[in-house]
Amino acid sequence: MNRKHFLKNVLGTAAAVTTGTSAMAMPDPPVVRSLAQPPYLQPGDIIGITCPASPLEMKDMLNCSSALKKWGYEVCVGNTVGQVWERFGGSDAERAADVQLMLDDPSIKAILFARGGYGAMRMMDRVDWTSLRKNPKWLVGYSDITAIHCHVNAQFGLPTIHGDMVNGFKAIEDISTFSLKQVISGKRFEYRSPAFGLNRKGQATAMLVGGNLSLVAAMLGSKSSLDTDGKILFLEEVSEYKYTLDRMMMSLKRSGKLDKLAGLIIGGITATKSDAETPFAMSVEEIIYEKVVDKNFPVCFNFPAGHIRNNMALKLGIYYTFRVTETGGSLTEVSSTLPLIPLPDIDSLLTPPAFLP
């Protein structure tokens, strides 16, 4: 099927589905269950920094440590910062031991992972994660850290934060680190994204799960595989060929992970590699939409999270209300107690709100 015919078929089907959905009465939102979750951070709390995947040199800590101290927190630098083994921040045993120390230390209230890349899934089965039940704390990161998000969600149902890591902090605080600062202190957000041709209208209130597509797919068939039924699935990706994106989405489709979603949110799909031989004619968005074209749940593209400038911090494992209309998508955290901070759509997220010392 060529690209012209694909667009005609997909957009025609999408229009039919959307029309049908808008005519149907929306079901009552589910009762939001009481989630066990880590306490939000208070001034003076300690944030641990460790390298479960790629290495980080000590000198690259400066921007992050300056920011965290300005925010009012203390910093505990793990033993793996500055270590290198193969392509990782220390051996598998060293990286696991460093994470274990921070999980077991009750004085550490959150763990900010240093970098992504690759390596988290090599060490995470060496960690006794059950200490999170006794001593819950926020785990923060994205990209390769999706392996840890998936594992903690699948095994313990505990929320984690998909957001900037140490290597994402700049000398000037940007909107991504600003959103992380607010989220770890307990602020509640509404995020918005602009309209897009393949968006599908609808509304759902459900738990948000997901992260990097490669890692969500890599967890399939393991004890860390996400239960996506009735969930809002968020996916983002970087530096992949179109055919590998297609293969990973097909894996999710064939495993049933896309069958019973409450909604699908696609963040940044960036730095896509060029297919040197037999290029894929479909766009990235068309490749993804093809896998859910026969479903009725809302779909939103170009959401401001992932390997992009505006990498908004998201609490995975928390309930949100997800809406897609003619004007775009919105994601609002469900809570009866936290104040709501609306953020503008991504086109206006340009001005840094503050400077680091």
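Treat the numbers as computed from the prediction; the structure is a model and nothing was measured.
Side-chain N or O atoms of Lys109 include none that pairs as donor or acceptor with a backbone N or O of Gln42 at under 3.5 Å. At least one donor-acceptor pair closer than 3.5 Å links the side chain of Ser176 to the backbone N or O of Arg309. Listed for the Thr228 side chain is no donor-acceptor partner under 3.5 Å among the backbone atoms of Lys231. Checked by atom type and distance alone, the side chain of Ser330 never pairs as donor or acceptor with a backbone atom of Tyr191 at under 3.5 Å. Using a distance-only test at 3.5 Å, with no hydrogens or angles considered, no donor-acceptor pair links the side chain of Gln182 to the main chain of Arg188. In this structure, Lys134 contributes its side chain and Thr130 its backbone to no donor-acceptor pair below 3.5 Å. Judged by distance alone, with hydrogens and angles left aside, the side-chain atoms of Gln100 form no donor-acceptor pair with the main-chain N or O of Ala97 at under 3.5 Å. Put simply, the side chain of Lys137 never gets that close to the backbone of Ile111: no donor and acceptor are under 3.5 Å apart.
Contact record, Gly306 with Asn311: N-OD1, 2.9 Å, taken as the closest heavy-atom pair. Heavy atoms only, all atoms of each residue included: Ile232 and Ala204 are closest at CD1-O, 4.3 Å. For Arg115 against Ile145, the heavy-atom pair with the smallest separation is O-CD1, 3.9 Å. Residues Asn199 and Gly328 approach most closely at ND2-CA, 4.5 Å, considering heavy atoms. Nearest heavy atom pair, residue Ser54 against residue Gly117, reads OG-CA, 3.4 Å. Looking at every heavy atom in both residues, Glu326 comes nearest to Ala195 through O-CB, 3.3 Å.
Atoms CD1 and OG, on Ile266 and Ser193 in that order, are 11.0 Å from each other to the nearest 0.5 Å. In this structure, CE in Met207 is found 13.0 Å from NZ in Lys315, a value given to the nearest 0.5 Å. Taking CG from Leu235 and OG1 from Thr146, the interatomic distance works out to 9.5 Å, rounded to the nearest 0.5 Å. With values rounded to the nearest 0.5 angstrom, Thr270 atom OG1 is found 7.0 Å from Glu236 atom CD. Atom NZ of Lys170 and atom CG of Asp164 lie 6.5 Å apart (nearest 0.5 Å). Between the CD1 atom in Ile148 and the CG atom in Asn153 there is a gap of 13.5 Å [rounded to 0.5 Å].
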#### Entry: Stepwise side chain to side chain contact (heavy atoms under 4.5 Å, CB included) check, Val292 with Arg200
CA-CA 10 Å; Val292 296; Arg200 183 160 63 211; 4.3 Å; yes
### Message
Pair Thr321, Glu333 - check side chain to side chain contact (heavy atoms under 4.5 Å, CB included), show working.
### Response
CA-CA 6 Å; Thr321 294; Glu333 184 183 344; over 6 Å; no
### Query
Could you go step by step and tell me if Met249 and Leu213 meet the side chain to side chain contact (heavy atoms under 4.5 Å, CB included) rule?
CA-CA 8 Å; Met249 289 300 300; Leu213 171 59; 3.9 Å; yes
### Message
Let's go through Glu173 and Trp71 carefully: what are the C-alpha distance in whole Å and the side-chain angles of both, what is the deciding distance for side-chain hydrogen bond (donor to acceptor under 3.5 Å, both in side chains) to 0.1 Å, and is it a yes or a no?
### Response
CA-CA 11 Å; Glu173 183 178 287; Trp71 297 352; 3.0 Å; yes
### Task
Test Val77 against Val75 for side chain to side chain contact (heavy atoms under 4.5 Å, CB included), laying out the working first.
CA-CA 6 Å; Val77 179; Val75 177; 4.0 Å; yes
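Ring centroids of Tyr320 and Phe322 are separated by 6.0 Å or more, keeping the two rings apart. Here the two rings, on His149 and Tyr142, have centers that are 6.0 Å apart or farther. In this structure, the ring of Trp138 has its center no less than 6.0 angstrom from the ring center of Tyr73.
Put simply, Leu132 and Met219 are part of the same group of oily side chains (I, L, V, M, F, W, Y) that touch within less than 4.5 Å, one to the next. When the side chains of ILVMFWY residues are joined at heavy-atom separations under 4.5 Å, either directly or via intervening members, Phe297 and Val216 end up in a single hydrophobic cluster. Phe113 and Ile161 are members of different hydrophobic clusters when ILVMFWY side chains are connected at heavy-atom separations under 4.5 Å. In the hydrophobic cluster analysis, where Ile, Leu, Val, Met, Phe, Trp and Tyr join through side-chain heavy atoms closer than 4.5 angstrom, Ile49 is grouped apart from Phe88. Under the 4.5 Å side-chain heavy-atom criterion for Ile, Leu, Val, Met, Phe, Trp and Tyr, Val183 and Val166 are members of the same hydrophobic cluster.
Ion pairing of Lys242 with Asp246 is absent here, as no side-chain N (NZ or NE/NH1/NH2) approaches a carboxylate O to less than 4.0 Å. Checked for salt-bridge contact, Lys223 and Asp125 meet the test: a charged N lies under 4.0 Å from a carboxylate O.
Residues meeting the side-chain hydrogen bond (donor to acceptor under 3.5 Å, both in side chains) test with Thr244, sequence neighbours left out: Glu240.
Thr80 and Thr50 share a side-chain donor-acceptor pair at under 3.5 Å. Between Thr177 and Asp174, the side chains place a donor N or O and an acceptor N or O closer than 3.5 Å (distance only, hydrogens not considered). Between the side chains of Glu237 and Asn212, at least one donor N or O sits under 3.5 Å from an acceptor N or O.
Residues Leu264 and Ile288 are in side-chain contact: their nearest non-hydrogen atoms beyond the backbone lie under 4.5 Å apart. Contact annotation: the side chain of Gln37 never approaches that of Leu158 to less than 4.5 Å [non-hydrogen atoms, C-beta and beyond]. Taking the side chain as every heavy atom from C-beta outward, Thr327 and Arg192 never approach each other to under 4.5 Å. The side-chain heavy atoms of Leu112 and Leu68, taken from C-beta on, include a pair separated by under 4.5 Å. Side-chain contact check for Trp129 versus Val152: some heavy-atom pair is nearer than 4.5 Å.
A tilted orientation is assigned to the rings of Tyr289 and Phe301, their planes being inclined by 30° to 60°.
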Under 3.5 Å donor-acceptor pairs involving side-chain atoms of residues 255-263, not counting sequence neighbours:
unit_1	atom_1	unit_2	atom_2	d
Ser255	OG	Ser251	O	2.9
Ser255	OG	Leu252	O	3.0
Lys257	NZ	Ser225	OG	3.3
Lys257	NZ	Leu226	O	2.5
Asp259	OD1	Lys295	NZ	3.4

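For the pair Arg133 and Phe156, the cation-pi test (distance below 6.0 Å, angle within 45°) is failed.
For residues 78-106, the set of pairs meeting the salt bridge (charged side-chain N to carboxylate O under 4.0 Å, His left out) definition, not counting sequence neighbours, comprises Asp92-Arg95, Asp92-Arg122.
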